[in-house]
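Everything numeric in this text was worked out from a predicted model, so none of it was measured. All heavy atoms count here, side chains included; hydrogens, waters and symmetry mates do not.
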Amino acid sequence: MIGKLAIAVSAVGLAALMTYPLVLQGQTPAPTVDSIAPKSTPQQGADVPARKAAMSASDEQDAMILARQGLMEGIYQYMDDADAWTGQSAGARDAAMLQALTRAAAHTALMLPAFKQLFPPFTNPESPEFSSMFETYALPGIWAKPDIFSADLDATVAALNVLSMARDRSEYARRLEALQATCDACHDHFRRVYVSPLDPK
């Protein structure tokens with residue numbers, strides 16, 4: 001099954017978190033003056049600054065880390081679907097699968113540049129302000145070498161755009177390998193290897 005839904009959900013979640021970061025774990029923002037005082041003529045968005053002010057720095061960090069992890073989960077799902085299809089024998093649905101996968105690659109290429117905005121300094125685990133309850137696998141190099149991080153992401157976006165123009169299964173498979181190489185290069189520089197707690201020590 002194509003991971004288009006996962007990617008779409010990630011995109012929507014990313015937009016929501018960037019605009020209105022969530023307060024996690026069932027917490028609710030402290031009551032604002034507007035929620036206590038008698039209602040007059042409500043102004044759209046008037047309580048947004050108060051709501052944001054009520055959030056702690058930890059809440060903002062949590063939301064930012066979850067946003068970038070959610071975006072990456074959508075991309076991982078896409079890569080899994082793409083690998084599964086290229087590893088199968090040719091079939092009657094190949095044309096439809098190619099169209100779906102190339103379209104999803106184009107959408108991901110449009111979305112990925114926003115990833116650069118998801119690493120503000122206060123989400124660096126080495127920052128004295130860091131207090132998120134979520135672990136991040138981002139390496140300090142993201143904050144120390146933002147130009148290289150940006151260049152790696154640009155290379156990945158370019159590879160996604162090339163992938164999105166594949167005209168047949170074999171061309172798609174070759175371009176998918178090139179995309180994987182750009183992803184791996186970025187991870188080598190900027191992402192700590194994920195170790196599952198279920199893996200043997």
Side-chain angles (χ1 to χ4, degrees), residues 1-22 24 63-119 134-139 142 148-200:
M1 180 177 174
I2 303 303
K4 290 168 68 176
L5 178 59
I7 293 172
V9 168
S10 298
V12 171
L14 173 64
L17 288 169
M18 295 286 284
T19 309
Y20 302 107
L22 299 176
L24 303 174
M64 197 67 71
I65 289 169
L66 287 180
R68 64 199 191 206
Q69 290 179 354
L71 177 58
M72 290 309 298
E73 282 300 320
I75 294 172
Y76 294 149
Q77 182 62 58
Y78 173 78
M79 297 298 286
D80 285 347
D81 292 343
D83 282 337
W85 179 63
T86 56
Q88 294 172 356
S89 302
R93 296 193 64 241
D94 275 1
M97 288 296 291
L98 178 65
Q99 182 181 31
L101 286 166
T102 52
R103 183 177 296 149
H107 291 166
T108 305
L110 291 172
M111 213 170 26
L112 194 57
F115 201 53
K116 297 177 186 181
Q117 308 305 316
L118 296 180
F119 294 89
F134 294 102
E135 185 171 12
T136 175
Y137 290 89
L139 292 172
I142 287 178
I148 297 175
F149 178 54
S150 180
D152 279 357
L153 278 174
D154 290 345
T156 303
V157 169
L160 278 162
N161 281 321
V162 169
L163 180 65
S164 73
M165 294 183 284
R167 294 164 294 185
D168 57 45
R169 179 203 223 24
S170 61
E171 186 176 54
Y172 180 88
R174 287 193 306 274
R175 293 180 180 191
L176 182 65
E177 287 183 10
L179 170 63
Q180 186 64 63
T182 65
C183 292
D184 290 346
C186 188
H187 287 180
D188 288 346
H189 295 151
F190 298 113
R191 187 180 192 276
R192 181 161 52 90
V193 174
Y194 172 73
V195 178
S196 169
L198 302 178
D199 288 345

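For residues 84-94, every residue pair satisfying the salt bridge (charged side-chain N to carboxylate O under 4.0 Å, His left out) rule, not counting sequence neighbours, is listed here: Asp94-Arg169. For residues 172-183, every residue pair satisfying the salt bridge (charged side-chain N to carboxylate O under 4.0 Å, His left out) rule, not counting sequence neighbours, is listed here: Glu171-Arg175.
The side-chain hydrogen bond (donor to acceptor under 3.5 Å, both in side chains) search around Thr86 returns none, not counting sequence neighbours. In this structure Asp154 satisfies the side chain to side chain contact (heavy atoms under 4.5 Å, CB included) test together with Lys116, Ser150, sequence neighbours excluded. For Thr182, the side chain to side chain contact (heavy atoms under 4.5 Å, CB included) partners at least two apart in sequence or on another chain are Thr156, Ala159, Leu179. Here Glu135 pairs with Arg192 under the side-chain hydrogen bond (donor to acceptor under 3.5 Å, both in side chains) rule; sequence neighbours left out. Listed by chain and residue number, nothing satisfies the side-chain hydrogen bond (donor to acceptor under 3.5 Å, both in side chains) test with His187 (two or more places apart in sequence, or in another chain). Remark: Phe190 engages Phe149 in a ring-ring contact (aromatic ring centres under 6.0 Å, His included) (not counting sequence neighbours). Asp184 is linked by a side-chain hydrogen bond (donor to acceptor under 3.5 Å, both in side chains) to Gln180, counting only residues two or more places apart in sequence or in another chain. When the side chain to side chain contact (heavy atoms under 4.5 Å, CB included) test is applied to Ala109, the partners found at least two apart in sequence or on another chain are Val157, Leu160, Asn161.
For the atom pair Ile65 CD1 and Leu118 CG, the distance stands at 10.5 Å (nearest 0.5 Å). Atom OH of Tyr76 and atom CG of Asp81 lie 15.0 Å apart (nearest 0.5 Å). In this structure, CH2 in Trp85 is found 10.0 Å from CG in Leu176, a value given to the nearest 0.5 Å. Remark: Phe115 CZ to Met72 CE distance equals 5.0 Å, nearest 0.5 Å. Annotation: the span from Asp188 atom CG to Asp152 atom CG amounts to 9.5 Å, rounded to 0.5 Å. To the nearest 0.5 Å, atoms CZ (Arg68) and CG (Leu71) are separated by 11.5 Å.
A donor-acceptor pair shorter than 3.5 Å cannot be found between the side chains of Arg167 and Thr102.
A donor-acceptor pair is defined here as one N or O able to donate and one able to accept, closer than 3.5 Å; no such pair exists between the side chain of Tyr172 and the backbone of Ala82.
A pairwise comparison of heavy atoms in Ile142 and Ala138 identifies CD1-CB, 3.7 Å as the closest pair. Nearest heavy-atom pair across Ala106 and Ser164 is N-CB, 3.7 Å.
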- [ ] Check the pair Leu139 / Arg191 against side-chain contact (heavy atoms from CB on, under 4.5 Å), numbers first and verdict last.
- [x] CA-CA 5 Å; Leu139 292 172; Arg191 187 180 192 276; 5.5 Å; no

